[in-house]
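Fair warning: this is a prediction, and the values are worked out from it, not measured in the lab. Remember, it's 1-based here, ligands and their atoms both numbered in the order they're listed.
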Amino acid sequence: MLSLLLFSVGVNTFDYLGSILSYVVIAIPIFSDVYGDLSPAELSTLVSKNAFVCIYLISCFTGLIDLSSTLSDVAGYTHRIGELQETLLDMTLKSWGGEIPDESEWDMDRAAEWPVAEPTDTAFLLKRVSICAPSSHKPLIKDLSLKISEGQSLLITGNTGTGKTSLLRVLGGLWASTQGSVQMLTDFGPHGVLFLPQKPFFTDGTLREQVIYPLKEIYPDSGSTDDERIVRFLELAGLSSLVTRTEGLDKQVDWNWYDVLSPGEMQRLSFARLFYLQPKYAVLDEATSALTEEVENELYRIGQQLGMTFISVGHRQSLEKFHSLVLKLCGDGRWELTRIKVE
Ligand SMILES: Nc1ncnc2c1ncn2[C@@H]1O[C@H](COP(=O)(O)OP(=O)(O)OP(=O)(O)O)[C@@H](O)[C@H]1O
């Protein structure tokens, strides 16, 4: 920390006071009478040229220093991507029982058809699961057994920090449980399980690419046949104006989606994506937190009509009508599971 502070002070001092150096450098030979034979006009030209060269060098040097910080950012990102690749390879190895088959043995037809798991009416099976946050012994959930099946939507509630998001991370395989077994019996992606976080993910690119993400590779052509569906789902999510704003689905926009959309619009856009992909199970981590109760109800109602089973984290009681079970996390590992009565 101290070295970073000293480095930053050094760079800034050099940036702002560096130009004075040029005068100090030229003052030495002038006062040592090295340029005694020059007229005052020639001397001032020399001083000015020297100042120009010095300032130019300082500017180049500052550019280099600035580049070095960009370079360290790139190195950081590269390192993280490398780690992600290693983890993915590790997971693939585990799922193939320690050995990846030769490329010639890949079943490409099967890979193109999502999902690959055997159809089942259960998405998650939890047996006596206990969860702690990483590098902490504080229990978030103790001894939870649960089956999440089609048509049996689950609402997870509880105070801040009781472990609602942590449970979703365990369901998604991002975190391991400390005890018990967690089985995911269906695939990620369309027709399987889709996770919608509180802060949605957007890519650079057109409006179509935001809606069809992550299927860009499967539907690479613009102007494809499902334009009507995309526009319809954007309308249902309350985003018809966005199509006008982007001048169509395929106009390359030069903005960052996170900068131009409000948090509510981002959540609506991720619901348009959810409607388009129509997974069997939608895992929603406070995915409507920036929206009003009415809008939340409407989006859930459409999701329900599209046949989705929800696993939601939410706080509003009005959400209960879209779920069959409520799992309330009470802190210190305690929980209550109740079935919602249909009126
Ligand atoms: N990556 C992490 N490393 C260590 N501890 C974490 C990490 N993520 C969360 N925690 C801790 O785990 C506990 C549960 O966090 P979690 O995000 O699951 O709570 P939550 O119930 O979803 O809260 P909120 O309602 O605020 O979203 C918190 O005490 C949090 O500080």
Side-chain angles (χ1 to χ4, degrees), residues 76-77 79-88 90-91 123-146 148 153-184 188 193-202 258 262-264 266-268 270-271 274 281-293 295-297 299-300 303 309-320 322-323 325-338 340:
Y77 292 134
H79 179 68
R80 296 204 70 179
I81 292 171
E83 278 185 338
L84 178 68
Q85 280 186 325
E86 278 168 21
T87 310
L88 290 175
D90 227 35
M91 285 166 69
F124 298 99
L125 199 57
L126 280 70
K127 282 188 198 148
R128 312 207 62 177
V129 168
S130 297
I131 301 172
C132 287
S135 58
S136 147
H137 295 296
K138 187 184 144 201
L140 295 174
I141 294 176
K142 275 189 208 158
D143 212 14
L144 172 68
S145 294
L146 184 65
I148 303 173
S153 293
L154 174 75
L155 176 63
I156 305 165
T157 63
N159 271 338
T160 304
T162 45
K164 302 180 292 294
T165 304
S166 305
L167 176 59
L168 298 189
R169 287 186 188 128
V170 170
L171 290 181
L174 288 176
W175 286 7
S177 59
T178 44
Q179 264 175 33
S181 78
V182 179
Q183 276 178 281
M184 182 166 147
F188 286 114
V193 179
L194 202 84
F195 281 76
L196 228 65
Q198 192 172 0
K199 188 161 182 264
F201 175 75
F202 297 114
Y258 293 105
S262 69
M266 285 194 241
Q267 292 192 335
R268 282 175 188 264
S270 55
F271 264 86
L274 186 77
Y281 300 91
V283 183
L284 310 174
D285 188 0
E286 298 190 49
T288 45
S289 57
L291 301 169
T292 61
E293 193 174 316
V295 177
E296 179 178 74
N297 281 343
L299 295 175
Y300 265 84
T309 300
F310 302 115
I311 298 145
S312 324
V313 168
H315 293 287
R316 293 192 187 120
Q317 211 179 355
S318 56
L319 274 180
E320 287 189 3
F322 301 103
H323 299 82
L325 295 162
V326 178
L327 176 67
K328 184 175 177 198
L329 303 185
C330 311
D332 298 324
R334 289 173 295 115
W335 50 268
E336 288 164 13
L337 186 65
T338 42
I340 297 168

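- Side chain of W335 to main chain of C330: no donor-acceptor pair is present (N/O by atom type, distance under 3.5 Å, no hydrogens or angles).
- Taking the side-chain contact (heavy atoms from CB on, under 4.5 Å) definition, one finds that D285 meets it with T165, L168, V313, sequence neighbours left out.
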- Task: List the steps and the verdict of side chain to side chain donor-acceptor pair (under 3.5 Å) for S289 and Q267.
- Result: CA-CA 8 Å; S289 57; Q267 292 192 335; 3.2 Å; yes

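- Counting only residues at least two apart or in different chains, salt bridge (Lys or Arg N to Asp or Glu O under 4.0 Å) contacts with residues 171-184 are absent.
- With hydrogens and angles left out, the side-chain atoms of H323 and S312 include a donor and acceptor closer than 3.5 Å.
- Ligand 1 is surrounded by A133, P134, K138, L140, N159, T160, G161, T162, G163, K164, T165, S166, R169, W175, E286, each with at least one heavy atom closer than 4.0 Å.
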N/O donor-acceptor pairs under 3.5 Å from side chains in residues 134-141, not counting sequence neighbours:
residue	atom	partner	partner atom	Å
S136	OG	K138	N	3.0

